[in-house]
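Data first, discussion second: the structure below is written as structure tokens.
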Amino acid sequence: MRSRPMLWVTTALLALVSATACGATADKKDATDAGTDGKPVTGLRLMVPNTAGGGYDTTARVAAKVMDDAKIATGVQVFNLPGAGGTVGLQRTVNEKGNGKLAMQMGLGVVGATYTSKSKATLTQTTPLAKLIEEAGAIVVPKNSPYKTIQDLVAAWKANPKKLAVGGGSSPGGPDHLLPMQLAQAVGIDPKDVNFVSYDGGGELLPALLGSKIAFGASGFGEFLDQVESGQVRVLAVTSEQPIDALKDVPTLKSAGIDLVFTNWRGIVAPPEISDADKKVWIDALTKMRESKEWKAELEKRGWTDAFLTGDEFGAFLTEQDKRVANVLTQLGLTS
């Protein structure tokens, strides 16, 4: 049974009221003519359901830029509507029934947040458009951390789990929460003893890590590439099956003797009951984007793995992910 122990915070409720009161409801014209004459699609809007600077935000803005550069869609408006692990944005999306111009960037974090934020809106109410990418997780520390290897960190963590705070850019139930909880279980720590600090996206997580407000962070490795290159943070391990080209000297958890592989993903959904024509406009645009040289260059640059699925196939994947997250939360003793 789904259990959602966390309450909505007041600010999230206020954000939801404000967003739904002045949303995109004034612009629900069909996009059916867009792109059918060989010209770029126009008038599309892409919502990011957390703060600027995180993985969703980066993915959405890269997608919009690639579509513009490749003359697939011009003027795609990317905007942020943070709150409650992405479920404020999810509620807005569900409220925009029939609006074929709007879509929401999302991923595994929103799946988990629907459980932990007592969300009335669910992903099953949305229109699945496309799964875009997968990305490995990373365990990161600030440059002045005393932990030089993943083994150093795990030893200290096991000695006093509650003392070492771990931060993640998602709410409980999201990938940045599931990763350290499953890591704790893999190394013999009771997940209930983990001192997890939730931040609303990588844009909030990074300052906490750099300011040593947490002992280590768990998130997608792509969120830290710039800081790794500048020497501000160090990646102790990645969660992929194989080493990451962008982090050549960083071990996987498995190669470090920890039996865990973890993968995050991101995709795009639209409001309920959009027209078949509008759905086709979005899926065609995203398919062309995926096939473009510009997008392939971004995948290589950011270490993202192509994981493209559209329409009903993506819908089936969302259903499977929902069941998996519920099972993991139950197995970890994080739901009742």
Side-chain angles (χ1 to χ4, degrees), residues 4 6-20 23-24 45-64 76-96 102-119 121-123 126 131-133 135 137-138 140 166-180 196-209 214 217-224 226 264-271 302 304 318 321 325:
R4 299 179 169 113
M6 295 183 66
L7 296 176
W8 286 87
V9 294
T10 301
T11 53
L13 285 170
L14 290 173
L16 176 58
V17 171
S18 173
T20 54
R45 308 183 74 210
L46 185 54
M47 180 202 305
V48 176
N50 56 18
T51 55
Y56 290 166
D57 188 69
T58 299
T59 307
R61 294 183 189 280
V62 167
V76 178
Q77 181 189 357
V78 179
F79 67 101
N80 299 78
L81 183 62
T87 55
V88 168
L90 176 60
Q91 183 68 66
R92 162 74 173 275
T93 303
V94 170
N95 288 351
E96 293 282 344
L102 178 69
M104 183 181 79
Q105 180 72 62
M106 49 73 71
L108 181 57
V110 179
V111 177
T114 62
Y115 284 86
T116 57
S117 294
K118 297 178 70 89
S119 175
T122 66
L123 286 164
T126 67
K131 177 188 176 189
L132 299 179
I133 63 163
E135 181 184 44
V140 298
V166 51
S170 62
S171 64
D176 294 5
H177 173 248
L178 294 175
L179 169 53
F196 178 76
V197 183
S198 175
Y199 296 92
D200 195 0
E204 290 188 2
L205 172 62
L206 183 60
L209 184 67
I214 51 178
S219 192
F221 76 88
E223 310 229 8
F224 305 105
D226 289 344
N264 189 15
W265 59 268
R266 298 186 193 117
I268 295 177
V269 298
R302 300 177 186 278
W304 293 340
L318 286 178
Q321 288 289 289
V325 169

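Values in this document were obtained by computation on a predicted structure and should not be read as measured data.
- Counting heavy atoms from C-beta on, the side chains of L123 and L90 come closer than 4.5 Å.
- For the pair T126 and M106, the minimum side-chain heavy-atom distance is 4.5 Å or more.
- Atom CE of M47 sits about 7.0 Å away from atom CD of E96, to the nearest 0.5 Å.
- In this structure, P180 and V166 approach most closely via the heavy-atom pair CB-CG2, 4.0 Å.
- Across every non-hydrogen atom of N80 and A52, the tightest pair is ND2-N, 3.4 Å.
- Here the closest non-hydrogen pair linking S170 and P175 is OG-N, 3.6 Å.
- Side-chain atoms of D176 never come within 3.5 Å of backbone atoms of G168 as a donor-acceptor pair (strictly under, hydrogens ignored).
- Here the side chain of T116 pairs a donor or acceptor atom with the backbone of P172 at under 3.5 angstrom.
- Scanning all heavy atoms of the two residues, the minimum distance from G137 to L179 falls at CA-CD2, 4.2 Å.
- A distance-only check finds no donor-acceptor pair linking the side chain of Y56 to the backbone of G86 [under 3.5 Å].
- Residues I214 and L205 form a side-chain contact, since some pair of their non-hydrogen atoms from C-beta on lies under 4.5 Å apart.
- Using modelled atom types, no side-chain atom of Q77 and backbone atom of L46 make a donor-acceptor pair closer than 3.5 Å.
- Residues L132 and R266 are not in side-chain contact: their nearest non-hydrogen atoms beyond the backbone lie 4.5 Å or more apart.
- With a 4.5 Å cut-off on side-chain heavy atoms, L209 and E223 do not count as touching.
- Summarising the geometry, atom CD belonging to Q105 is positioned 5.0 Å from atom OG1 belonging to T59; distances are rounded to the nearest 0.5 Å.
- Nearest heavy-atom pair, A84 versus S117, reported as atom, atom and distance to 0.1 Å: O-OG, 3.3 Å.
- Side-chain atoms of S198 and H177, non-hydrogen and from C-beta on, never get closer than 4.5 Å to each other.
- You'll find the side chain of P271 reaches within 4.5 Å of the side chain of T93, heavy atoms only.
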Criterion side chain to side chain contact (heavy atoms under 4.5 Å, CB included) on L318 and V269, from CA distance to verdict: CA-CA 10 Å; L318 286 178; V269 298; 4.2 Å; yes

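- The shortest distance between side-chain heavy atoms of E135 and W265 does not fall below 4.5 Å.
- Residues that satisfy the ring pair (Phe, Tyr, Trp, His ring centres under 6.0 Å) test with F224, not counting sequence neighbours, are absent from this structure.
- Taking every heavy atom of both residues into account, T114 and A121 meet most closely at CG2-O, 4.2 Å.
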